[in-house]
Number of protein chains: 2
Amino acid sequence: QVCLNSELWHACAGPLVSLPPVGSRVVYFPQGHSEQVAASTNKEIDSLPSYPSLPPQLVCQLHNVTMHADVETDEVYAQMTLQPLSLLEQKDPYLPAELGMPSKQPTNYFCKTLTASDTSTHGGFSVPRRAAEKVFPPLDFAQQPPAQELIAKDLHGNEWKFRHIFRGQPKRHLLTTGWSVFVSAKRLVAGDSVLFIWNDNNQLLLGIRRANRPQTVMPSSVLSSDSMHIGLLAAAAHAAATNSRFTIFYNPRASPSEFVIPLAKYVKAVYHTRVSVGMRFRMLFETEESSVRRYMGTITGISDIDPVHWPNSHWRSVKVGWDESTAGQRQPRVSLWEIEPLTTFPMYPTSFPFRLKRPWPTGLPSLHGIPYEFEQK
Amino acid sequence: QVCLNSELWHACAGPLVSLPPVGSRVVYFPQGHSEQVAASTNKEIDSLPSYPSLPPQLVCQLHNVTMHADVETDEVYAQMTLQPLSLLEQKDPYLPAELGMPSKQPTNYFCKTLTASDTSTHGGFSVPRRAAEKVFPPLDFAQQPPAQELIAKDLHGNEWKFRHIFRGQPKRHLLTTGWSVFVSAKRLVAGDSVLFIWNDNNQLLLGIRRANRPQTVMPSSVLSSDSMHIGLLAAAAHAAATNSRFTIFYNPRASPSEFVIPLAKYVKAVYHTRVSVGMRFRMLFETEESSVRRYMGTITGISDIDPVHWPNSHWRSVKVGWDESTAGQRQPRVSLWEIEPLTTFPMYPTSFPFRLKRPWPTGLPSLHGIPYEFEQK
DNA sequence: TTGTCTCCCAGTGGGAGACAA
DNA sequence: TTGTCTCCCACTGGGAGACAA
């Protein structure tokens, strides 16, 4: 089920999620993929076979990205077709598209977390005043009370009709007829969020974001979670060995971290940024209201998260402590490309030079011709 | 979610499904497992890597079998832990338990396919007269009208209360209060079946069997179907290479055929039964009313279903034609252990001799010391 | 014997303003 | 400004027998 509307997909995915452009080069992390599967199947990984032939990261070309929404839950996910690249291809100069990072959050939208009243069987949905005025078409205030019919398209292209009325004492915007049908069809409960977008084609789009209900995730009865983990590793290993394409699903709201990273972002973070224990950093997080804020922390260590299976991996290689102890939320380990160190020693001008293809003496670390002595192992 | 009630599980699984006993030796077919995943993900297999190290069948010890029911759909499935056996262990004599084939269908039960009236919002469930008299506790006909409260446990152990009443002109058995709650909670529609069992502990059990709605099967957004297929193969190959345990799910109503077969049944069908093109055979199928009937057919060929990936596999090696052309239902290819050839040349007495362990010159084909010239390659 | 219909009326729940946080 | 309550009454749908396949 392909989701046709990119704006709506990105709005549901959240402000921090951006999909690398088709054709660009990315770095794929089997460990991160594995974390997503573990989160989705709600099952820890027991003992898995090692795949010594599979490196902890794979530089790939991203051949295809399609945006989808789960038919049952409307959960957004992306399907990506990746092809591991030869060392030579990894060292090709960047295309312009690989450096720009488009963030496609729509501007004319609002997101509201549903209250108990919004989801109760008595009555409809209370629309925040600014939201209604900004996102919905203007009401005809000559009518008494002012009202109109709204038609909104969900992620699957299905249309939902709502009566939008401005009434009550004091006056407020409400969605009445049609609202409860939507709530029960999507099985929304208080705490879930809905998201209305008014797009450039004067269409109203309607997405949902469910509250985190980690217990709801059901173990698949199709394949054991062990086989799923092995499958992901074997599929990547096979693709790496044969330089053939493989397909992955990225579920931005289930996955603890993105595991397909633009090559440029990875290289900049790993080879062009110096970090050390004790260094202060900032990191972006999504707020409840679907905007972003920065949290501060201190680097407390740099080491392999899994020295046995994945030695010398940069995945979550940075141990951190967070300033605000409200945590438990924020992971104790992050990857270099997720953080902004507060004191950096820029080793190159911030605007990357476009370089001509030429042979390099060795693999990825020399991607930009950085002298070895400046690189971190 | 473990299903506690074995009778109910078997009743829901159907009369043809029998799980091999724990501790027994079984033959596992990756191809059959693959078919189940294909059926569950509703996706054909594209191109998969070959696993030359993985034979088309694996003789395993069945260490554990647990019966489950999907939390969302109540679909029954079994989890099995298998361990590939060494050649020597494969040749051990049979344990008594490996020869008996227990079929655990309960006797005191009924299964009814729901009508439009049964699932409509107006009124309850019409209980077939014989079914009510056989399975439900007797009503007190002194009351007018006779009525009682029934409490039935579903696959998850949840209890459902129903008012059972005998009324109307002409008189009939009905379930009223409580029925519609059950229908909407389980999201039953006309065409689905319900199944009531009165067990030996005087408990009423309640299972459901959904009508085949193959389009409903959603593609998982957790892992690509390719990775799932690779995962199943890689997990089996890894287990075979290291003689370690692996876990599979068997979904009797989703899977086209059983893919974990008792070793004795496999050996008897493959090495002790002679089949040839033109031979007539019978095969068991489940009827709409959850009983069994035999269909007749003729063997039209014997060949590998997939000579590239699985040469010399016995999985669906028999091409057949069916007498009743109502088919499209019945597969054009079956495996030897699924059919009863009508003219057999018994090569051994029907009761298997228990043999002592002793060394054999070669692998599985000599399992029972059958001279080579009698064996089919 | 049992599937569907219609009738009856109790209770659910949409839709309104009141009210208070 | 907006979350919750209560009130009102239309309509849904449980539960009964009628009726026909």
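Here is the naming used below: chain letters follow the sequence lines, and residue numbers restart at 1 for every chain. Computed from a predicted model, the values in this text were never measured in an experiment.
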Between [options], which one does the side chain of [X] approach most closely?
X	options	result
A:Arg167	D:dG17, C:dT1, C:dG15	C:dG15
A:Gln169	C:dG17, D:dG13, C:dT4	C:dG17
B:Arg129	D:dG15, C:dG3, C:dT1	C:dT1
A:Pro128	C:dA16, C:dG14, D:dT2	D:dT2
A:His122	D:dG13, D:dA16, C:dG15	C:dG15
A:Pro170	D:dG3, C:dA20, C:dT1	C:dA20

Checking the side chain of [X] only, and the main-chain atoms of [Y] only, is there a donor and an acceptor separated by less than 3.5 Å?
X	Y	value
A:His156	A:Asp70	yes
A:Trp9	A:Tyr77	yes
B:Arg209	B:Ala11	yes
B:Thr115	B:Asp118	yes

### Query
Does OP1 or OP2 of D:dT4 have a side-chain N or O of A:Ser117 closer than 4.0 Å?
yes
### Query
Is any side-chain N or O of B:Thr177 closer than 4.0 Å to OP1 or OP2 of D:dG14?
no
### Message
From CZ of A:Phe125 over to C1' of D:dT2, roughly how many Å is that when rounded to an integer?
### Response
11 Å
### Query
Over how many whole Å does the gap from A:Leu114 atom CG to D:dG3 atom P extend?
10 Å
### Atom CG of B:Asp200: over 12 foreign heavy atoms under 6.0 Å
no
#### Entry: Within 6.0 angstrom of A:Lys161 NZ, more than 12 heavy atoms from elsewhere
no
### Query
Hey, is the side chain of B:Arg172 pairing donor to acceptor with the base of C:dG3 inside 3.5 Å?
yes
Report which part of the nucleic acid [X] touches: base, sugar-phosphate, or nothing (heavy-atom distance under 4.0 Å, all strands).
X	result
B:Lys112	sugar-phosphate
B:Thr176	sugar-phosphate
B:Thr115	sugar-phosphate
A:Ser126	sugar-phosphate
B:Ser120	nothing

### Query
Any salt bridge between B:Lys186 and B:Asp154, counting N to O under 4.0 Å?
yes
### Query
Given Watson-Crick or G-U pairs with both distances under 3.5 Å, what dot-bracket string fits DNA chain D, with | for other-strand pairs and [ ] for crossing?
|||||||||||||||||||||
